[in-house]
Amino acid sequence: MSTDIQDASDRQWLADLRATLTDDHAAQTVRLTELTADTGDPGEAHTRGALIAATRMSLARIVDALGRIEDGRYGACERCGAQIPPERLEVVPHARFCMPCQQKHHG
Ligand SMILES: [Zn+2]
């Protein structure tokens with residue numbers, strides 16, 4: 001169990017992170033709307049297909065991360081249960097695995 005002081009700083013950190021993710025979600029939603037707007041150019045539509053898929057994936061990860069913050073599961077590796085270092089979460093806020101598990105996942 002962590003101390004009250006630790007809990008308070010964790011909550012502040014999570015509140016900041018949640019704000020970042022919420023902003024990111026809004027930005028990605030705007031981007032998706034722009035990407036899916038029909039320009040009538042089939043060539044461009046084809047190119048944008050991959051971008052649309054990537055943006056949707058990114059939105060899904062943000063929603064997932066926000067859900068884990070709500071549940072109080074955020075920041076724990078989903079594979080081994082270890083605490084994911086805050087430095088990593090600052091770079092990859094939607095990270096679901098710790099570094100070793102992420103590497104295993106890709107390798
Ligand atoms: Zn892990």
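Counting convention: from 1, in listed order, for ligands and their atoms alike. Small disclaimer: the values here were computed from a predicted structure and weren't measured. Every heavy atom of this structure was used, including side-chain atoms; hydrogens, water molecules and symmetry mates were not.
Protein N/O/S atoms nearer than 2.8 Å to the Zn ion (ligand 1) total 4.
Partner of P93 under the side-chain contact (heavy atoms from CB on, under 4.5 Å) criterion, out of L66, L17, I69: L17 alone.
How far SG of C98 is from NZ of K104: 7.0 Å, rounded to the nearest 0.5 Å.
For the pair R68 and Y74, the cation-pi test (distance below 6.0 Å, angle within 45°) is failed.
For D41, there are no salt bridge (Lys or Arg N to Asp or Glu O under 4.0 Å) partners, not counting sequence neighbours.
Within the structure, every pair that satisfies the side chain to side chain donor-acceptor pair (under 3.5 Å) test and touches residues 80-90, not counting sequence neighbours, is listed here: R88-Q102.
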Side-chain donor/acceptor pairs under 3.5 Å, residues 50-62, sequence neighbours excluded:
| unit_1 | atom_1 | unit_2 | atom_2 | d |
| --- | --- | --- | --- | --- |
| T55 | OG1 | L51 | O | 2.7 |
| S58 | OG | Q28 | NE2 | 3.4 |

